[in-house]
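First comes the structure, then the notes that go with it.
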Amino acid sequence: MKRYIFGECVKGATHERTGVSLQDSKKIVEVSEDITIISVADGHGSQKCPLSEYGSKMAVNVFCDVMKRYIESYGSSKKELAGLVSYLNREGDTRFAQEICEEWQTRVRRSFVKRKDKNEKYGHLLDEDEIKDIEGVYSLYGTTLLGMLITDTFVFSFQIGDGDINMVTTDDIAPLVEPEKFLGTETHSLSKIDAWKKSVSSVKMKNAKSDLPYLYMLSTDGFANSYKNNDEFYKTCRDYFDMIGQHGFEAIKENLGGWLKETSQLGCGDDITLVLAYFCR
């Protein structure tokens, strides 16, 4: 089985005009020939979240670091991964989610204290001895988080906040998790003390030989929001799947950044991150 994994983060057209920095982040970790960890995050970028670009970077690092520790703990053989499958099935949106949130909060606190020590902006929000409003500090770094663990035998999907994790096959396009949908710009966030309670996760078993080819797509909400409706969004997902099959992954990789910039310009104007993981014979 061959696999091709690549992604791009592009600054949205609105942020280009206003001079706001890129708020999205992505990370791809190739653990082995059979195991890949992928994560994307979307910093909120609002006035209440002036450090969210750093929050999103921490989020993707946390997901990949925590998941890698789990793999090292359980082992990476198919027999050993069976134990991890069982755990993630039971605890993906509880204990695992709690660990993700706690690790992110720890890194945020550490980052904020360093800013205070260096007299950097926003350090005035920290009292001499303690943080007065810990959730207020987390809000400065507010972000969403999406992540996947992809192996030859199963795929684990995890999400807090908006964005999309889809699987495209020759016959179907389907979300791997179903996050709660909001109207407008509202979304769940890692910045909430009990953010783990709003996480969603799933484990999908797969037959590596019979399911080929297939494509996993992780994207921040700027991608789907740039289309009129879900049908148009799914049509684009299908187009990416078909183009990879017809023209090869390298051609898509070379053009992806430019296509996403155009999508933002013609769409909602938000930052867009898209990671593609294509598997074939």
Side-chain angles (χ1 to χ4, degrees), residues 1-12 24-42 60 64 146-159 163-177 202 204-268 270-281:
M1 179 176 62
K2 299 177 182 178
R3 62 180 185 176
Y4 304 92
I5 302 174
F6 182 74
E8 287 283 357
C9 293
V10 301
K11 187 189 291 191
D24 283 7
S25 298
K26 68 173 176 63
K27 188 165 187 177
I28 301 169
V29 177
E30 301 275 4
V31 178
S32 69
E33 292 183 357
D34 302 321
I35 301 173
T36 304
I37 305 169
I38 302 172
S39 187
V40 305
D42 177 7
V60 296
C64 293
L146 294 81
M148 294 185 76
L149 168 63
I150 303 171
T151 77
D152 273 356
T153 56
F154 75 95
V155 56
F156 170 69
S157 304
F158 178 86
Q159 185 164 347
D164 296 275
I165 304 177
N166 289 312
M167 181 177 182
V168 187
T169 65
T170 304
D171 302 318
D172 191 29
I173 302 173
L176 294 180
V177 291
S202 73
K204 177 180 173 61
M205 305 304 296
K206 60 191 182 74
N207 184 319
K209 294 182 179 180
S210 64
D211 290 346
L212 299 173
Y214 55 85
L215 172 68
Y216 297 124
M217 303 180 69
L218 280 78
S219 54
T220 53
D221 70 317
F223 191 42
N225 289 346
S226 290
Y227 297 94
K228 292 188 299 183
N229 51 49
N230 212 45
D231 288 340
E232 288 295 315
F233 173 54
Y234 275 8
K235 180 180 181 298
T236 299
C237 294
R238 169 65 59 194
D239 288 343
Y240 273 97
F241 176 81
D242 291 340
M243 285 191 297
I244 294 172
Q246 293 170 11
H247 304 292
F249 196 79
E250 285 299 323
I252 309 307
K253 181 177 179 180
E254 290 175 6
N255 291 283
L256 184 57
W259 290 341
L260 295 181
K261 280 185 175 293
E262 183 179 19
T263 298
S264 179
Q265 291 166 357
L266 299 176
C268 68
D270 196 5
D271 298 340
I272 297 178
T273 295
L274 173 62
V275 175
L276 304 170
Y278 186 76
F279 294 77
C280 62
R281 290 184 176 84

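Just so it is clear, the model here is predicted, and its values are computed rather than measured.
- For D231, the side chain to side chain contact (heavy atoms under 4.5 Å, CB included) partners at least two apart in sequence or on another chain are N229.
- Using modelled atom types, one side-chain atom of D24 and one backbone atom of T273 make a donor-acceptor pair closer than 3.5 Å.
- For residues 26-41, the set of pairs meeting the side chain to side chain donor-acceptor pair (under 3.5 Å) definition, not counting sequence neighbours, comprises R3-E30, R3-T36, K27-N61, E30-T36.
- In this structure K2 satisfies the side chain to side chain contact (heavy atoms under 4.5 Å, CB included) test together with Y4, C280, sequence neighbours excluded.
- Residues meeting the side chain to side chain donor-acceptor pair (under 3.5 Å) test with S226, sequence neighbours left out: none.
- Between V155 and L149 there is no side-chain heavy-atom pair separated by less than 4.5 Å.
- Note that the CG atom of L215 and the OH atom of Y278 stand 8.0 Å from one another [nearest 0.5 Å].
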Exercise for the section: Kindly indicate, with the supporting measurements, whether the criterion side-chain contact (heavy atoms from CB on, under 4.5 Å) is fulfilled by V177 and F158. Expected result: CA-CA 7 Å; V177 291; F158 178 86; over 6 Å; no
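- Using a 4.5 Å heavy-atom cutoff, the side chains of D271 and T220 are not in contact.
- Residues M167 and K204 meet the side-chain proximity criterion, which asks for heavy atoms closer than 4.5 Å.
- One distance of note links CD1 of I165 with CG of L218; it measures 5.0 Å at 0.5 Å rounding.
- Proximity of a side-chain donor or acceptor of Q159 to a complementary backbone N or O of G163 within less than 3.5 Å is detected.
- Legend: residues meeting ring pair (Phe, Tyr, Trp, His ring centres under 6.0 Å) with F156, ordered by chain and number and at least two apart, are F96.
- For the pair S219/F233, a side-chain contact is recorded, criterion being any heavy-atom separation below 4.5 Å from C-beta on.
- Shortest non-hydrogen contact noted between E8 and G257 is CG-N, 3.9 Å.
- Proximity of Y240 to I252: side-chain heavy atoms (C-beta onward) are separated by under 4.5 Å at one or more points.
- Annotation: the span from K253 atom NZ to I244 atom CD1 amounts to 12.0 Å, rounded to 0.5 Å.
- No side-chain heavy atom of T236 sits under 4.5 Å from any side-chain heavy atom of E232.
- Under the side chain to side chain donor-acceptor pair (under 3.5 Å) criterion, S25 pairs with S56, not counting sequence neighbours.
- Closest approach of N166 and P175 over heavy atoms only: OD1-CA, 3.2 Å.
- Note that CZ of F154 is 9.5 Å distant from NZ of K206, once rounded to the nearest 0.5 Å.
- A search for side chain to side chain donor-acceptor pair (under 3.5 Å) contacts involving D42 returns nothing, not counting sequence neighbours.
- Considering every non-hydrogen atom in both A224 and D164, the closest pair reads CB-OD2, 3.4 Å.
- Between M217 and L274 the shortest side-chain heavy-atom distance falls below 4.5 Å.
- Residues satisfying the side chain to side chain contact (heavy atoms under 4.5 Å, CB included) criterion with A277, sequence neighbours excluded, are I5, I38, I150, Y216, F279.
- Contact record, I173 with C237: CD1-CB, 4.4 Å, taken as the closest heavy-atom pair.
- A distance-only check finds a donor-acceptor pair linking the side chain of S202 to the backbone of L176 [under 3.5 Å].
- For V10, the side chain to side chain contact (heavy atoms under 4.5 Å, CB included) partners are L260, K261, I272, not counting sequence neighbours.
- Going from atom CE of M243 over to atom CD of Q246 covers 8.5 Å, rounded to the nearest 0.5 Å.
- Evaluation of the side chain to side chain donor-acceptor pair (under 3.5 Å) rule for D221 yields N225 as partners, not counting sequence neighbours.
- The structure places SG of C64 at 9.0 Å from CD1 of I28, a figure rounded to the nearest 0.5 Å.
- Residues that satisfy the salt bridge (Lys or Arg N to Asp or Glu O under 4.0 Å) test with D242, not counting sequence neighbours, are absent from this structure.
- Side-chain atoms of D172 never come within 3.5 Å of backbone atoms of V168 as a donor-acceptor pair (strictly under, hydrogens ignored).
- Y227 is linked by a ring pair (Phe, Tyr, Trp, His ring centres under 6.0 Å) to F223, counting only residues two or more places apart in sequence or in another chain.
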